[in-house]
Structures are given as C-alpha cells and as structure tokens.
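In this text, all values refer to a predicted model and were calculated from it rather than measured experimentally. Per chain, numbering begins at 1; letters A, B, ... match sequence-line order.
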Amino acid sequence: MIRHRILEQLAAALHKAAPNLNNLAVDESVLSGFKLERPRNPEHGDYAVNVSFLARHTKMAPPKIAEVISACLEGVRPEDISVIGGYLNFKITEAMLAEALAAIIHVEKTGLNDSQADKRILLEYVSANPTGPLHIGHGRWAALGDAIVRILRHNGAFVTAEFYINDAGVQMGNITTSVYWRAVELLKAKGALPKSVEVPDVLPYPGEYVADVSALYLSDESREQRFIAAHANHADALADEALQAELKAFSKTVLLEAQQALLGNLRVHFENWISEKEYLYDRDVIGGTLERLSAQGYTYEAEDALWFKSTEFGDEKDRVLRKSDGSFTYLTPDIAYHDDKFNRAERYNCILNIWGADHHGYIPRMRGAIEALGHDPNQFEVLLGQLVNLIVDGERTRMGKRRKMLTLQDVVDEVGVDATRFWMVSKSADSALDFDVDLAASASSENPVFYVQYAHARCCSILRNAVEPAPNVDTGEMTAPFVQADALKSFEAGLTPHALALLFDSLTEPRDQAVLKALVLLLDGFEDTVRDAARLRAPHFITQYLQDVSSQFHSFYGVCRILTPEPALTQARLMLIRAIQKTLAQGLDLLGVSAPEKM
RNA sequence: GCCUCAGUAGCUCAGUUGGAUAGAGCAACCGCCUUCUAAGCGGUAGGUCACAGGUUCGAAUCCUGUCUGGGGUACCA
C-alpha cells in the first residue's frame, strides 16, 4: 500500500518538523487532515497532499509549511518530491510500483484487511411477507445486503445475515382470504361448487399468482375434499378455523419457498430465517418484552389500547403496541425481535438493518424502544434504501398497482443474475433507482457488468494463450508457447520486485508509462476502496472501482503487447495481467457477480 | 404543515470527514480490426454542480432560506 507508506512518512516528518511549525501539537486529529489524492495534472506528481489545513494551527503560510515538512521527509528521494503552493507532490518510483505489484501477486486474496475486525454485525435484510413473489425492490435490498455482507467479511467483521419472515399479522390473513376465494372460483369452474356461490369482486391480493397457490392446494384430492366439506358446513368457510389455519400454513410455505429459491438463484445467502410466528408468537417472547417496557414505565393504556411512550425518545407521537381488538401492531413483535437480537449469544455490537425509504418514519420509534429496553441505540443502524422505479415502455410504473406486475423473477429471467446484481448495487442506496426493463434486457453493451467481465475474461485469455501452443498464422504449424507453464508458475511463486524491472523498463513512451503507472496505483489502492465500501456500506464504490480498473486495463492492452517473443519480458508483463485478473475476480466476488474466464 | 432522500453534461449517475482545471457510462461526431477476444481503444464536442445568501485562504461538498421531484407522516406492514 503505497498510500499508507507515504502517509506514515508524512506523519514522521510532521513530528520532526513540529518545532519549526510554531510548536504544532501533532496528534491523531491533525494527522487525519492529510488527504492523499491523485492529481489530475501529471506535473503535480503521482500523489499529492494539501497542507493548507495546517495554516490555522501554525499561523504560517501554506507554501512555507509545505517547505518545512518536505525538508523533514525521510526515505523519499528529493527529486521525487516537489512543493507547489500549499501542496506536497510525490513522484512514485518504479521500485515502489514493482513492490506493490509483487505484493498483489503474493497475497492470496486482494484487498483483505481487518478494518472491521472489532465488529460483530447482525444484518437483517429483504424480510418480505410470504404473501407473494418478491418484487424488483426486494431485488435491490437482496443485492445490496449480500454485497455488504461479503464486503464486511472481507474487512474482518463477523457477520450474520438474517431474513425475518413476516408470517404473522393481518397480511397473512389477507393472503389466506385471497387464496380461499380463488379456490372457490376454481371449484365453481369445474362444477364442484354451485354457481350460486358469490366471490367478492376485489380481493386483498389480486395478483394472478394467488390462483396458482389455490390450484396447487386443490391438486391434492384429500385437501380438495376437505375444502368442499368445510364449505358445505359453513356459510363462509373461512370461519372454519382448521381450514383457515391449513390454508394459511400452505400459502406461507409455497410462497416462502418460491422466495427462497429465487434468492438462492441470486446467490443471496442467509444464515438465519426467523419466523415471526414461530420465533416470537409461539414462544411467547413478546409478552416478556412488553413487561420490561411497562416495568420501566414506558407504556400506558388509553382508548382501549396499549401505547408506547416513544415521544420520550424523540418520536413525533406515541405508538400503539396492542390494538383495541387485543392484537399487536407490527411494531410490537418487531420490538421483541430487536430486543432478542441484542440478547443473542453471539453478542453482536452492531444491529444493522436494510429498510426501504418508505419505512423511514419507523426508525425513531424502534430506536426509542431499543433504548427503553436498556440497549445502546448507537449499536442500532438502519441503512435506508430509496425505492426502485420500474420503467416499462419508457414509462415509470408504480409497483404493485398493476394486476400483473413484473416480479423480480421476471427481471432475472430477462437480464440474468450477474447483470441484475451489478445493476442493483451500482448506484448509491440514497438515490432512487430507475430500472429500465427494456434497456437492461436488450442492451448488453449498455450494461457495465459486461465491460468488467470482459476485462476479466480477456486477462484469462492472455494467461491461457501464454502457455498454450498456437498455430502459426502463415504456415499453420504449431509453435511453442510464449512461456513454459512450469516456468511461469515458479516465476510467479518466487516473484521479487526486482524481477519486474523489465515490465517498467520496456515501455519507452511517457504516455504508455503513465497508463502502466496509473494501472498499478489503481490495483494498489484496491484495499482502500474495500475499506471505504465497508465503512460507508457502499458497494457502489466497488462497481465504480472495477470499471476504472477495466478501463485502465483496456487502455494498456491497446498500447502494450503482453505476449512477446522474449520469454523474460513476457513473464514480467504477465504478472501485471495476473494482478489485474486477481483483483477483478475478487471485486466481482465481493458483489456476488461471476468472473467468467471466457466470453 | 412536519420528517427524509434527491436535484451535477442531451440521458443515467459518480464525486463522504471542504482543496489544484468538476468526472464516467450511454447518446452525438471523427478515427482504429492481417497481430494476445473490436463485448475493445484513441479523439472531438457537451457544465450558471436547481436558485439565493452565509461560513472559509478555499464550497458540488458545510449552514440558512427558496423552488422542483420521490418517499413517509395508521390501532397497515
């Protein structure tokens, strides 16, 4: 990590220079003011740092400060530093580049670090109702969440991914009602029930998939018989509790399994699937949480309901916990659930949730409940994602409004897993995402994932061609490979920075050298990108980075031939290709996107 | 009304602890395949960073206000 080394040298120089800087007190907050950046103008060196922020502390002019610090820098050749205004400009030597490249070759996984090693994170995301197919918005949370899990782990965090199944509450009743009436419709159609039975015009869940669930239920003859019998015994067979429970359980299982299958297809993995009904209601943990809340004096009864004094924690109004009909609101089991998260044996110190922006107003009351229960609200973190707009025929459509809505499965079928995942995380979660189905499905060149995958495949192709005999263009005879596979392998295993000299020396055009240097510095900076992506929960840093590397590689490919008649030179250049290929593969893996060896 | 996200090139978006001349992809235009994959490369053009103030040596970035758009503001989840 060249950047880190420069920052260390700067810190040492600053300590040494302090007496000449009006006895500046050098501490962590001062040192963190050094921001190393890559200047656009090559005359400003390869890395630059602005020291103007020290002007206030030292009461000195920035150019003077830069002069003083540069005089104290050690381990840097004077010709590699320049001072322009308040800037210190560093020139990166080929020796440093070679060292960085060799380090990438030797490390098993690029970008691996321990910046989040003290974090024990429970990440909950997607958490859909098992009342229908996942929609495109769920796809964003799925891609985002799984990428964040992978990125956090690459930074050393202990992470558990969890899916909360909302299988209790009124929505489950709604899907049960809907499945019931679709079944009645189907039975009427085949004459098993009289035509006189009336089906409501509007069902809570109008989607066509509901009828599929009903048909699947009725496909078992004994179930169909039970359904008809229950119908004969009750005016409204939904009053038959046994049937209702069976329909509910059946619907949940079928719909949940469909969600799980799709998420599996998307390579989105959860360690835990927590059922609201089984984990919270059946084990009766909600009551215990409510008692503790009440014992602390944070609840009261009014208008036949039980309320939580969330206003004491900054919420705009108090919230109902138990409705006047005796049932809980959504909030109540969710409070118990979050209470449980804090109490797990894993001793998590970060309870992280990904929620859609439509749940924004829900945060203060949940945070309040967490605090009321004696947990540290600072360990509760919500990553809010703006919603996804579906664009069909160039028009925005609101999800769920249409009877036949486009599901996540439809999208994946059209554009594939890789493109879906890459697209979904390629923009900041703070921005609403436009998902243009026609565009994503038709225009492959418009989708950056192919650009990155192609760069990876191109690296693999070069590495393959290097060690395989190929037919001569003119004679058709098989010629010897550019390098021997065994020789290349041992060259790579025993690679020293010195052995890379040919890679840098063989390029004579300054422009080509600049491309090579930019490429190596980019590869060297992968760890920084991985750290930032974890710290800010921002996988789009990775997509951006991968596109940068790919672009820089394609440029380099254009100006420098890798496979040459000189084995020594070829080997050295192949090490660069290996480093690029490793980094691209690692970056794609952090996003859960495949890195094809051929395209 | 209040809370919140956004407003940057024709379009979609990067730009996170404030730093040198604001970037990328797509679209447009001009070039480049006898050679390791043209799903590629080089070049041209394209900007009042919504607007107005403020803080600062310095603002797309921080503060205040205004405008526009998304989301929320349930005893739904």
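Distance A:Asn389 CG to B:C13 C1': 14 Å, rounded to the nearest Å. Between the CG atom of A:Asn465 and the P atom of B:U35 there is a distance of 13 Å, rounded to whole Å. Look at CG on A:Asn41: it is 12 Å from P on B:A20, rounded to the nearest Å.
Every residue meeting the side chain to side chain contact (heavy atoms under 4.5 Å, CB included) condition with A:Ala11, not counting sequence neighbours, appears here in chain and number order: A:Leu31. Remark: A:Lys517 pairs with A:Asp46 by the side chain to side chain donor-acceptor pair (under 3.5 Å) rule, at least two apart or across chains.
Below 30°, between 30° and 60°, or above 60°: for A:Tyr330 and A:Tyr362 the angle between ring planes is between 30° and 60°, a tilted geometry.
The partner of B:G7 is B:C67, by the rule that a Watson-Crick or G-U pair needs both atom distances under 3.5 Å. Shown here, B:U44 forms a base pair with B:A28; the pair counts as Watson-Crick or G-U wobble because both key distances fall under 3.5 Å.
Here A:Arg458 reaches the OP1 or OP2 of B:A38: one of its side-chain N or O atoms lies under 4.0 Å away. When the side-chain nitrogen and oxygen atoms of A:Tyr545 are compared with OP1 and OP2 of B:A14, none of them lie within a distance under 4.0 Å.
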Produce the list of close N/O pairs, under 3.5 Å, pairing protein atoms with atoms of nucleotides 54-57 of chain B; give distances to one decimal.
{"unit_1": "B:C57", "atom_1": "N4", "unit_2": "A:Arg56", "atom_2": "NH2", "d": "3.3"}

Tabulated below should be each protein N or O lying under 3.5 Å from an N or O of nucleotides 15-17 of chain B; please produce it.
{"unit_1": "B:G15", "atom_1": "OP1", "unit_2": "A:His540", "atom_2": "NE2", "d": "2.9"}
{"unit_1": "B:U17", "atom_1": "OP1", "unit_2": "A:Lys35", "atom_2": "NZ", "d": "2.9"}
{"unit_1": "B:U17", "atom_1": "O4", "unit_2": "A:Ser32", "atom_2": "O", "d": "2.9"}
{"unit_1": "B:U17", "atom_1": "O4", "unit_2": "A:Ser32", "atom_2": "OG", "d": "3.4"}

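Sorted by residue number, the members of residues 563-577 of chain A with any non-hydrogen atom under 4.0 Å from RNA chain B read A:Leu563.
Set against B:C13, B:C36, B:A39, the side chain of A:Met599 has B:A39 as its closest nucleotide.
Looking at heavy-atom distances under 4.0 Å, A:Arg537 makes no contact with the nucleic acid at all.
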Heavy atoms under 4.0 Å is the rule here; annotate nucleotides 72-77 of chain B 5' to 3' with B where the base is hit, S where only the sugar-phosphate is, and - elsewhere. SSSBSB
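Residues A:Ser431 and A:Val51 both approach RNA chain B. Their nearest nucleotides, taken by heavy-atom distance, put A:Ser431 toward the 5′ side.
Residue A:Lys309 qualifies as enclosed at atom NZ: its count of foreign heavy atoms under 6.0 Å is above 12.
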